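See structure below.
Not measured: the values here are computed from a predicted model.
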Amino acid sequence: MPTVTVSGDDSASASLSWQAPAVALDAEGRAQALRDAATALEQGRLYEDAQAAIPIYLALQALGPDDAAARRGLERARQRLLEQGRQALRKADDDDAAMQRAAEIAAVARTLDAGAGAVQAYLERVDEAEQWARLNQASERALRAGQLGESGGGALAGFREVLKWKPEHPRALQGVAAVESALIRRAEDAAEAGDFAAAADWLAHAARVREEAATIDDARARVAAIRHARIVRLRDEGLRDIASPLGIKAARGKLAEVLRIAEPGDPLAADFRERIDLATYYGLFRPGQAFTDTLRNGGRAPEMVVVPHGGYRMGAEDDDRQAADAEKPAHYIRFNRGFAMSRHPVTVGQFRRFVEATGYRPRATRRGHSVVYDELSGNFVRRSGVDWRSDYSGKPAADDMPVLHVSVHDAEAYADWLAGQTGHGYRLPSEAEYEYALRAGTRGRYPWGDAPVPPARAGNLTGAGDRSPSGRRWNNAFPGYGDGHWGAAPVGSFQPNAWGLHDMTGNISEWVGDCWHASYRRAPADGAAWFNPGCRVRVVRGASWSSAPAQTRAAWRSSSDSDMTNGRVGFRVVRGI
């Protein structure tokens with residue numbers, strides 16, 4: 001049995017004894033007193049005041065110790081008293097008033113006949129009930145004080161002590177449930193404050209209070225809902241932050257908080273991380289996304305494709321026997337942000353819109369000639385009356401043909417016009433961007449890899465199977481290859497590369513934004529154009545329809561005067577994102 005500590009306070013001693021109320025009685029009033037006692041007994045008024053049954057019977061016994069009627073009446077009153085006590089005890093587990101009444105009855109019964117067996121049994125039951133009540137009351141005080149006992153002692157230990165002796169004690173069961181509820185509240189408060197580690201600890205404590213209680217699963221669901229709502233709020237705030245590049249830092253701060261509170265593998269956290277990464281590298285775009293910008297004077301800019309960020313080794317490796325010194329040393333380039341490149345080379349139709357909108361006079365138009373392929377001689381010759389409206393041979397070009405006979409300055413003027421029309425940063429690609437996009441994630445001698453012969457339909461290249469209109473063949477060509485074109489083909493006639501860009505493998509060579517340098521020593525490592533103000537010699541990249549196989553290699557580059565125009569060189573544009 002549990003022990004009870006006795007203090008020096010005597011205030012509780014009154015509950016251990018009972019003093020019968022004084023009853024004024026004489027021999028002449030005996031008969032009326034018996035009738036009054038019988039009535040009080042019938043009504044259940046046993047000890048409360050001088051008009052109750054037991055005080056009257058005791059007074060009658062004092063008046064006449066041998067009064068048999070008084071003795072019988074007192075015995076009936078004692079039995080009725082114990083019955084009332086037992087009734088009070090049945091409610092005493094969770095009713096302090098009933099416990100108090102049971103204790104009062106015990107004091108009366110003890111005064112009447114402490115040695116009677118029935119009284120002794122009742123007093124033992126009252127003593128146990130009082131001990132449970134004291135333990136419950138102390139535990140409830142500890143509960144109110146927040147001393148839950150999750151680590152031992154406290155309210156939980158007191159309630160469990162009661163239940164050890166009386167497993168179904170309702171007040172103790174309610175107390176245990178209250179401790180569990182308090183632990184759950186602490187878990188939910190911790191979750192609301194964003195401390196989900198503490199919330200998990202409190203839930204673990206709560207789960208040990210009442211095993212297999214459904215309340216714990218419900219609490220875990222509520223904490224999970226709080227966690228989810230917090231993650232959603234942080235993610236939504238972060239997505240608003242990343243609408244501007246200046247907000248990326250704030251969004252990353254919110255991501256750190258999400259990762260701190262999220263469960264491993266949380267899909268919202270993974271999605272948020274991915275969106276921040278995408279915004280960091282691509283702004284509001286996605287790698288591989290195609291888009292067109294609206295021109296201010298009507299129409300659309302060229303279709304652009306978002307090139308993924310990343311790095312690669314630019315230039316020719318030392319074991320490439322066909323490489324020139326100008327293609328070395330191979331060096332690592334890293335693009336920390338993606339960029340957009342036009343899916344096709346700029347077409348005649350697109351360049352026409354620029355010329356008609358601005359009145360711009362390209363270089364070949366101003367000087368009245370350009371270099372074309374001459375079918376009669378099989379050579380490239382200068383021909384009058386040829387400009388951007390002409391094809392590789394000087395004939396009128398269709399609008400879907402790549403624009404040729406343009407200088408690098410003409411190409412830059414077109415890019416500047418696009419920038420003014422759209423409000424976005426259009427320009428020529430840097431040499432590093434061009435080779436990066438041409439390789440499209442591959443690392444081989446050629447854009448398609450190291451195979452010495454291109455796969456079927458790889459691009460518009462010099463193949464042994466090609467024939468000119470008069471039946472000419474190439475002297476230096478890929479054996480066993482033919483693409484059906486002699487001269488430039490309409491843009492997009494061949495399969496795109498892995499990044500969705502057409503005509504990178506062949507068709508026309510293209511101007512880039514760099515000035516010519518005889519090697520890559522001291523070249524920018526960030527992929528920016530290597531440009532020296534006032535330079536006259538610029539870089540041309542990419543194989544054309546008439547390039548030798550060695551010039552089809554991914555690292556091949558050539559120098560050209562900035563005013564040069566011919567039937568093999570055009571351009572494409574890039575745009576920042």
Checklist entry - Does the pair Arg220/Asp217 count as a salt bridge with the N-to-O cut at 4.0 Å? => result yes

Next on the checklist: Run Met401 and Val491 through side chain to side chain contact (heavy atoms under 4.5 Å, CB included) and show every step you take.
Outcome noted: CA-CA 6 Å; Met401 296 294 291; Val491 298; over 6 Å; no

Checklist entry - Under 4.0 Å between a Lys/Arg side-chain N and an Asp/Glu carboxylate O for Asp241 and Lys254? => result yes

Item to check | Residue pair Asp514 / Trp516, side-chain heavy-atom distance below 4.5 Å | outcome: no

Next on the checklist: Which residue is it: Glu431, Glu327, Gln551? I am looking for the one with a side-chain hydrogen bond (donor to acceptor under 3.5 Å, both in side chains) to Arg557.
Outcome noted: Glu431

Checklist entry - Are any non-hydrogen side-chain atoms of His309 and Tyr282 less than 4.5 angstrom apart? => result yes

Item to check | Under 3.5 Å: donor-acceptor pair, side chain of Asp195, backbone of Ala190 | outcome: no

Item to check | Pi-cation contact, Phe380 with Arg568 (under 6.0 Å, within 45°) | outcome: yes

Item to check | From Leu428 atom CG to Tyr434 atom OH, the distance as rounded to the nearest 0.5 Å | outcome: 11.5 Å

Checklist outcome for this item: For Gly420 and Arg296, the nearest pair of non-hydrogen atoms, with its separation, is O-NH1, 2.6 Å

Checklist entry - When you measure from the side chain of Arg334 to the backbone N and O of Ala525, does any donor-acceptor pair fall under 3.5 Å? => result no

Checklist entry - Is Arg382 atom CZ crowded by more than 12 heavy atoms from other residues, nucleotides or ligands, each under 6.0 Å away? => result no

Checklist entry - Hey, does the side chain of His405 reach the backbone of Asp391 with a donor-acceptor pair shorter than 3.5 angstrom? => result yes

Next on the checklist: Taking the side chain as everything from C-beta on, heavy atoms only, tell me whether Arg353 gets closer than 4.5 Å to Gln350.
Outcome noted: no

Item to check | Given Tyr414, Phe351, Phe354, the one that forms ring pair (Phe, Tyr, Trp, His ring centres under 6.0 Å) with Trp388 | outcome: Phe351

Item to check | Min side-chain heavy-atom separation Leu183-Val209 under 4.5 Å | outcome: yes

Next on the checklist: Minimum heavy-atom separation for Ala187 and Ala199, please, with both atom names.
Outcome noted: O-CB, 3.3 Å

Next on the checklist: Check the orientation of Phe339 and Tyr436. Use parallel for under 30°, tilted for 30 to 60°, and perpendicular for over 60°.
Outcome noted: tilted

Checklist entry - Is atom CZ of Arg366 surrounded by more than 12 heavy atoms (other residues, nucleotides or ligands) closer than 6.0 Å? => result yes

Checklist entry - Would you find more than 12 non-hydrogen atoms of other residues, nucleotides or ligands less than 6.0 Å from Asn297 atom CG? => result yes

Next on the checklist: I'd like to know if the side chain of Thr462 reaches the main chain of Ser546, judged simply by a donor and an acceptor atom lying under 3.5 Å from each other, with no hydrogens or angles considered.
Outcome noted: no

Checklist entry - Would you say the side-chain atoms of Arg445 pair up with the backbone N or O of Ala451, donor to acceptor, closer than 3.5 Å? => result no

Item to check | Worked check of side chain to side chain contact (heavy atoms under 4.5 Å, CB included) between Asn566 and Val372 | outcome: CA-CA 6 Å; Asn566 64 40; Val372 299; over 6 Å; no

Checklist entry - With side chains defined as the heavy atoms from C-beta onward, is the minimum distance between His344 and Asp400 less than 4.5 Å? => result no

Item to check | Worked check of side chain to side chain contact (heavy atoms under 4.5 Å, CB included) between Tyr332 and Tyr312 | outcome: CA-CA 6 Å; Tyr332 188 75; Tyr312 78 112; 5.7 Å; no

Checklist entry - Is there side-chain contact between Tyr426 and Gln421, with at least one heavy-atom pair below 4.5 Å? => result no

Next on the checklist: Could you walk me through whether Thr565 and Arg367 satisfy the side chain to side chain donor-acceptor pair (under 3.5 Å) test, starting with their C-alpha distance in whole Å, then the side-chain angles of each, then the deciding distance to 0.1 Å, before giving a yes or no?
Outcome noted: CA-CA 11 Å; Thr565 65; Arg367 69 187 176 191; 2.7 Å; yes

Checklist entry - Counting heavy atoms not belonging to Asp450, are there more than 12 under 6.0 Å from its CG? => result yes

Checklist entry - side chain to side chain donor-acceptor pair (under 3.5 Å) between Thr294 and Arg300: does it pass, once the steps are laid out? => result CA-CA 5 Å; Thr294 302; Arg300 311 290 296 184; 2.5 Å; yes

Checklist entry - What about the rings of Trp530 and His517, do their centers lie closer together than 6.0 Å? => result yes

Next on the checklist: side chain to side chain donor-acceptor pair (under 3.5 Å) for Glu375 and Ser393? Distances and angles first, verdict last.
Outcome noted: CA-CA 8 Å; Glu375 179 66 24; Ser393 65; over 6 Å; no

Checklist entry - Does the Asn532 side chain pair with the main chain of Cys535, one donor and one acceptor, at a distance under 3.5 Å? => result no

Checklist entry - Where is the tightest heavy-atom contact between Trp511 and Val406, given as atom of each residue plus distance? => result NE1-O, 2.9 Å

Item to check | Arg521 and Lys328, any side-chain heavy atoms less than 4.5 Å apart | outcome: no

Checklist entry - Does Arg337 use its side chain to pair, donor to acceptor, with the backbone of Ile577 at less than 3.5 Å? => result yes

Checklist entry - Any Lys/Arg nitrogen of Asp561 or Arg536 sitting under 4.0 Å from an Asp/Glu carboxylate oxygen of the other? => result yes

Checklist entry - Would you call Arg473 and Asp466 a salt bridge, taking side-chain N to carboxylate O under 4.0 Å as the test? => result no

Next on the checklist: Does Leu418 form a side chain to side chain contact (heavy atoms under 4.5 Å, CB included) with Arg427? I'd like the steps, not just the answer.
Outcome noted: CA-CA 9 Å; Leu418 282 181; Arg427 55 179 173 80; over 6 Å; no

Checklist entry - Does Ser342 reach the main-chain N or O of Met304 with its side chain, forming a donor-acceptor pair under 3.5 Å? => result no

Checklist entry - After noting the C-alpha distance and the side-chain angles of Asp410 and Tyr360, does the key distance pass the side chain to side chain donor-acceptor pair (under 3.5 Å) rule? => result CA-CA 9 Å; Asp410 298 333; Tyr360 179 82; 2.6 Å; yes

Checklist entry - Got Ser558 and Ser509 here, is their nearest side-chain heavy-atom distance under 4.5 Å? => result no

Checklist entry - Would you call Arg252-Glu257 a salt bridge at under 4.0 Å N-O? => result no

Next on the checklist: Whether the side chain of Arg457 engages the backbone of Asp483 through a donor-acceptor N/O pair (distance < 3.5 Å, no angle test) should be reported.
Outcome noted: yes

Next on the checklist: Quick test of your reading of the model: are Asp277 and Arg273 salt-bridged, counting only N-O distances below 4.0 Å?
Outcome noted: no

Item to check | Pairing of Arg185 and Glu192 as salt bridge, 4.0 angstrom limit | outcome: no

Next on the checklist: Under 3.5 Å, is there a donor on one side chain and an acceptor on the other for Thr215 and Asp218?
Outcome noted: no

Next on the checklist: Tell me whether the rings of Phe478 and Tyr446 are parallel (<30°), tilted (30 to 60°) or perpendicular (>60°).
Outcome noted: perpendicular

Item to check | Lys/Arg-Asp/Glu bridge criterion (N-O < 4.0 Å) met for Asp293, Arg575 | outcome: yes

Item to check | Value rounded to 0.5 Å, distance of NE2 in His205 from CD1 in Ile184 | outcome: 13.0 Å

Item to check | Glu510/Arg541 ion pair, N-O < 4.0 Å | outcome: no

Item to check | Pairs involving residues 495-508, ordered by first then second residue, that meet side-chain hydrogen bond (donor to acceptor under 3.5 Å, both in side chains) (sequence neighbours left out) | outcome: Asn460-Asn507

Item to check | Spacing of Arg389 atom CZ and Arg352 atom CZ [to the nearest 0.5 Å] | outcome: 7.5 Å

Next on the checklist: For the backbone of Gly500 and the side chain of Arg343, can you confirm whether one donor and one acceptor N or O come within less than 3.5 Å of each other?
Outcome noted: yes

Next on the checklist: For His228, give me all partners under side chain to side chain donor-acceptor pair (under 3.5 Å), at least two apart in sequence or on another chain.
Outcome noted: none

